[in-house]
Colleague: 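Pasting a structure here, questions to come.
Note that ligands are numbered from 1 as they come in the structure, with each ligand's atoms numbered from 1 the same way. Reckoned from all heavy atoms, side chains included, excluding hydrogens, waters and symmetry mates.
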Amino acid sequence: MAVSLKGRSLVSLKDFSTEEILEIIRTADTLKLERLRGQTHHLLAGKTLAMIFQKPSLRTRVSFEAGMTQLGGHAIYLAPSDISLGKRETTEDIAQVLSRYCDVIMARVFGHDIVVDLAKYATVPVINGLSDEEHPCQVLADLQTIYEKKGTLAGLKLAYVGDGNNMTHSLMYGCARVGMHMTAVTPPGYGPLDRVTAEAAAIGKENGCRIEATTDIAAGVAGADAVYTDVWASMGMEAEAADRAKKFKAYRVDEKLMAHADSKALVLHCLPAHYDEEIAYGVTRSPNSAIFDEAENRLHAQKALMVLLAAGR
Ligand code: CP
Ligand code: NVA
């Protein structure tokens, strides 16, 4: 039976099956190709996306808004001060009210429970545009990028190096679903949540791949087909930045660290990047770097996601 995502919300990639994730990537590829050929695809004409932001954004805001325009719909940006989520009004009421006006809600929030609650109380699909715990939209774009560059996903190995954060968690779930081995390589005390590692490892086992966490750089990066990193202090953790910069130094993705990976290993980063902190500038400008392809694919992957959730196939 064909996959149908109509009416669903995307809070975490752990809730989507392998086939559902692959369907989003296939749809994203089709929409990307059509756009390249200059074809218009107004699949969401007359539909409205509400975008709630508690944190700053370049890629998420612009790719969702541009994506909705390209699909013939409209996007409304709600800045942190516009609705003061949880202060001026409850998450439950916001979800109910926005559902009366809009066809999809995207939210970038601090607490993961906020996006869980939005999805619980909204009667339209809710998309997690980043929470303290997960960033599933980024991983859809990352998987699309890896597939474009490597021609496959299952059986590859991704090494994530740096802070065990929202990116790490979503990568763990995403890799587990598509059968990619993944090792999260972090300084001691900064690993991903044990609960997430255990859940992702169990999903991975069903799909023939290993999802692991380690502090050992050489072992964790050995033979990787893709090396991924992210900022050492995520949004909301700015006060810890200086302390983390000292503790994370050995985990910088530079030429020396890349030497442990496969010689054709992709270099991936969700951006924004702090050059010469978590990643050497030169590595991001090497022929194997796909950082701007990932950023571009946010547009295509999210268009596919919105089409599948809001319009069906
Ligand atoms: N990668 C990403 O989500 O970027 P923004 O924070 O700029 O949206
Ligand atoms: N871990 C980062 C991701 C930014 C896209 C953060 O949450 O700030």
Side-chain angles (χ1 to χ4, degrees), residues 10-13 28 49 51-68 75 77-80 106-115 127-146 158 160-174 182 184-187 190-193 196 226-242 244-245 247-248 251-253 266-275 277-279 284 289-303 305-306:
L10 173 57
V11 173
S12 166
L13 281 181
L49 166 73
M51 306 192 297
I52 300 172
F53 280 92
Q54 284 192 318
K55 296 176 179 177
S57 168
L58 172 68
R59 280 145 291 272
T60 304
R61 183 197 169 167
V62 179
S63 56
F64 266 104
E65 191 162 337
M68 204 54 186
Y77 172 68
L78 297 163
M106 186 277 289
R108 165 165 286 195
V109 295
F110 285 98
H112 187 70
D113 55 320
I114 298 172
V115 72
I127 298 172
N128 182 354
L130 181 148
S131 66
D132 282 349
E133 220 168 276
E134 290 208 43
H135 196 3
C137 291
Q138 180 67 48
V139 173
L140 290 174
D142 298 335
L143 294 176
Q144 184 189 359
T145 307
I146 297 167
L158 182 139
Y160 172 92
V161 184
D163 183 31
N165 60 15
N166 43 10
M167 275 314 319
T168 325
H169 296 152
S170 289
L171 282 166
M172 286 176 129
Y173 288 133
M182 176 178 161
V185 188
T186 70
Y190 292 92
L193 292 171
V196 175
V227 177
Y228 200 117
T229 191
D230 181 18
V231 292
W232 289 338
S234 287
M235 291 178 276
M237 292 180 174
E238 288 77 6
E240 292 179 38
R244 283 169 172 252
K247 291 181 177 153
F248 281 61
Y251 292 78
R252 173 174 303 147
V253 174
L266 290 177
V267 174
L268 301 172
H269 192 309
C270 56
L271 303 178
H274 292 165
Y275 293 120
E277 279 191 30
E278 76 273 4
I279 196 159
T284 66
S289 170
I291 62 170
F292 297 117
D293 300 289
E294 293 174 85
E296 176 185 339
N297 284 338
R298 291 292 301 276
L299 174 73
H300 310 298
Q302 290 157 193
K303 280 169 72 180
L305 182 64
M306 290 192 288

Colleague: So which protein heavy atom does atom 7 (O) of ligand 1 come closest to, and at what separation?
Modeller: L58 N, 2.6 Å
Colleague: Would you kindly say whether T145 and D142 are connected by a side-chain donor-acceptor distance under 3.5 Å?
Modeller: no
Colleague: Is K55 near ligand 1, meaning one of its heavy atoms is under 4.0 Å from it?
Modeller: no
Colleague: Short question: side chain of S170, backbone of H135 - any donor-acceptor pair under 3.5 Å?
Modeller: yes
Colleague: If we ignore angles and hydrogens, is there a donor and acceptor under 3.5 Å between the side chains of E278 and T229?
Modeller: no
Colleague: Shortest non-hydrogen contact from L13 to G174?
Modeller: CD1-CA, 3.9 Å
Colleague: Are any side-chain N or O atoms of N165 and backbone N or O atoms of T168, one a donor and one an acceptor, separated by less than 3.5 Å?
Modeller: yes
Colleague: Check whether any N or O atom of P56, backbone or side chain, sits under 3.5 Å from an N or O atom of ligand 1, and answer yes or no.
Modeller: no
Colleague: Can you tell which part of R108 has a heavy atom less than 4.0 Å from ligand 1: side chain, backbone, both or neither?
Modeller: side chain
Colleague: Taking A75's backbone N and O only, do any of them form a donor-acceptor pair with E65's side chain (distance below 3.5 Å, no angle check)?
Modeller: no
Colleague: Identify, chain by chain and in numerical order, each protein residue with a heavy atom under 4.0 Å from an atom of ligand 2.
Modeller: L130, H135, N165, N166, D230, V231, S234, M235, L271
Colleague: Check each heavy atom of R298 against ligand 1 and say whether those closer than 4.0 Å belong to the side chain, the backbone, both or neither.
Modeller: side chain
Colleague: Hey, does the side chain of R244 reach the backbone of W232 with a donor-acceptor pair shorter than 3.5 angstrom?
Modeller: yes
Colleague: Backbone N or O of G129 within a donor-acceptor pair of the R108 side chain at under 3.5 Å?
Modeller: yes
Colleague: Give the residue, atom name and distance (to 0.1 Å) of the protein heavy atom nearest atom 4 (O) of ligand 1.
Modeller: R59 NE, 2.7 Å
Colleague: What do you reckon, does L130 put a non-hydrogen atom under 4.0 Å from ligand 1?
Modeller: no
Colleague: Would M235 count as a polar contact of ligand 1, with the cut-off being nitrogen or oxygen pairs under 3.5 Å?
Modeller: no
Colleague: Check ring-ring contact (aromatic ring centres under 6.0 Å, His included) between F292 and all other residues, then give those that pass, not counting sequence neighbours.
Modeller: none
Colleague: Which protein heavy atom lies closest to atom 3 (O) of ligand 1, and at what distance to 0.1 Å?
Modeller: H135 NE2, 2.8 Å
